[in-house]
Amino acid sequence: MTRARWFPVFTLAALALALSFLTLPIVAIFVDTSPGELVESLAEPGALDALWLSLRASLAALAIIVVVGTPAAYFLATRAFRGRSLVITLVELPLVLPPAVAGIALLAAVGPSGILGGVVEDAGVQLVLQTAGVVLALTFVAAPFFLRQAQAAFGAVDRTLLDASRTLGSSEARTFVQVAVPAARPGLVAGLALAWGRALGEFGATLMFAGSFRGITQTAPLAIYERFGTDFTSALALSAVLVAVSAALLLSVKLLSGPTSLTGAPARG
Amino acid sequence: MLRLEAETKLAGFDLDLALEVPVGSCLALAGPSGAGKTTVLRILAGLLRPDRGRVSCGEHRWLDTAKALDLPPERRGVGYVFQDYALFPHLTAWRNVAYGLTKQPRHERRRRAHELLERFGVDHLADAHPGTLSGGERQRVALARALAPTPRALLLDEPLSALDARTRAHAARELTAVLAEADVPTIIVTHDFTEAAVLGDEVGIVDAGRLVQRGPAAELAAVPASAFVADFTGAVVLTGRARAGSDGLTRVELDGGGEVVSTDARTGHVAVTVYPWEIALGPAGVEPSGSAQNHLDARVVSVTTIGNRARVGLVAGQPLSAEVTPASLEALGIRAGARVTATWKATATRLVTV
């Protein structure tokens, strides 16, 4: 081996170590579970309910995140204003919040005795111990992932493209829909995938804020935790299903967004 | 008539500038990078709001800061060709062109887009994405896109600078034809005086946010208002028809009479450029000796002293200018009305196809 070649070999070895460390536990879930156990675990009461609830709640959270988060991220990326860094920091704060703290914080804010509890009650909305509460918890923890990515994606869009759209007779709104969003699409999809992944795996905030009631607030991770205490094989099997479903969903999001985001190569300007 | 008066603070200097461009006329704004040329275009298009100013196009009033009037870009109807063309990467060429056609029905937009692409000779690329097009092809698509909604004014920011030297000459020729056809006020921004002279009916020299001089290119070179304009305008620009000579040199028959030779190989219609400091003056009617092959009999129309040198404006069929020392002025008796012979070398003669 020549002296010049050792560094690429070293980086490759580091990658091999990281890859095996990160994938071994996931592989173990599947190796430890027989296909029969997988099917059996799905047949158990509550298993399919939990998966279905996870899917519905995370999709509802994603819808809220995309509808509110996309224009919000566009504003943050394209406008210069006093206190912009502060706003960005505040928006990203839930990223570093421990999930249990997020749950407590939500209770303190919109729980029955929280600072906005009265307002929520007057509006006739039930959050605590309700599916709506799950959606709220998922939105709270997952939104920063999307906002962060979307803001970076919009920030990377060539500003002269937006200017060109305006001189061609398009309003700011049409420019956003027809130029900014398509140009930022790979980044937006990546943010969406991250947020969805985070929402599907959410545990702490949901448990603290919405509780763990079968069919109402018990998402797949909560169902796994419940089984963990009584039946490890069943917990393992449900885990395997959740991993497979999550992986399939994320992969399909990336495939739908075209080859650019799958290879991770930046979109052509 | 496109009119602009604007004052605004920029990093480093204040922009303070007024200009007018009649319908069907093209003003080329030339100046060094960072002089504020692009800022002028952005103010005209409504992409930048000046601290104080007024912009109008015909009877349409676009901006009047005193009356808090500021029409957004989409309501001004300006055709803007950006420096790097700014084609939408996610749209095919024809959809880029059709983008500004919001009021027509679908099939009409498509027809108009194809019609424009065909006019610019790139209709075969209608379904290609900008990322796969060459610089010259992108420039044509960008022009077609800017012209599609039949703009009230046309603004072009360095339309040729993204092209390589070979494509540029051809693109410049095409652009002159397009501009001659466009029946709207046009402003072209360029950092190259020769390009400005070739593309503009008039040239305006911009320096540090001010329009320091404006007029026909030859006049600016002949009678520069300041040392800056003298340095920037640099080259004399003559037009003529080039053909290959038997000696390996190119012979250019000048429009308006006279012939010059150049070491550049070009044929057809060309712009001949030569720097005033390359041109020597001698007494009229005396065949100069030496290696220089180009001699034109000329009449002195102006003498402008710029520091320790003098710019001599001449007419020899076409206007040109020479730079000599004040001592030579004295020795040769050069003053307005005097006749002289202008002499320069074939190697100092650049040809640009137009």
Legend entry - Residue part contacting chain B, namely of A:Glu172, when any heavy atom lies under 4.5 Å: backbone
Legend entry - Minimum-distance pair of heavy atoms, taken over all atoms of B:Ala86 and A:Ala164: O-CB, 4.0 Å
Inset, instruction - Locate the shortest heavy-atom distance separating B:His90 from A:Pro182; write the atom from each residue and the value. - result: CD2-CB, 3.3 Å
Legend entry - Proximity breakdown for B:Arg75 and chain A, heavy-atom pairs closer than 4.5 Å: neither
Heavy atoms from other residues, nucleotides or ligands near [atom1] of [X] exceed 12 (cutoff 6.0 Å):
{"X": "A:Phe81", "atom1": "CZ", "result": "yes"}
{"X": "B:Arg54", "atom1": "CZ", "result": "no"}
{"X": "A:Arg84", "atom1": "CZ", "result": "yes"}
{"X": "A:Arg148", "atom1": "CZ", "result": "no"}

Nearest 0.5 Å please: distance from the [atom1] atom of [X] over to the [atom2] atom of [Y].
{"X": "A:Leu161", "Y": "B:Asp84", "atom1": "CG", "atom2": "CG", "result": "8.0 Å"}
{"X": "B:Arg76", "Y": "A:Arg166", "atom1": "CZ", "atom2": "CZ", "result": "10.0 Å"}
{"X": "A:Thr167", "Y": "B:Arg42", "atom1": "OG1", "atom2": "CZ", "result": "10.5 Å"}

Legend entry - Non-hydrogen side-chain atoms of A:Thr175 and B:Glu74 separated by less than 4.5 Å: no
Legend entry - 4.5 Å side-chain heavy-atom contact, A:Gln178 and B:Phe88: no
Inset, instruction - Check step by step if side-chain contact (heavy atoms from CB on, under 4.5 Å) holds for B:Phe82 and A:Asp158. - result: CA-CA 12 Å; B:Phe82 291 83; A:Asp158 184 356; over 6 Å; no
Legend entry - When B:Gly46, B:Gly100, B:Gly77 are compared by non-hydrogen pairs under 4.5 Å with chain A, the top option: B:Gly100
Inset, instruction - Dump the intermediate steps for side-chain contact (heavy atoms from CB on, under 4.5 Å) on A:Asp163 and B:Tyr80, then the final yes or no. - result: CA-CA 9 Å; A:Asp163 289 342; B:Tyr80 199 132; over 6 Å; no
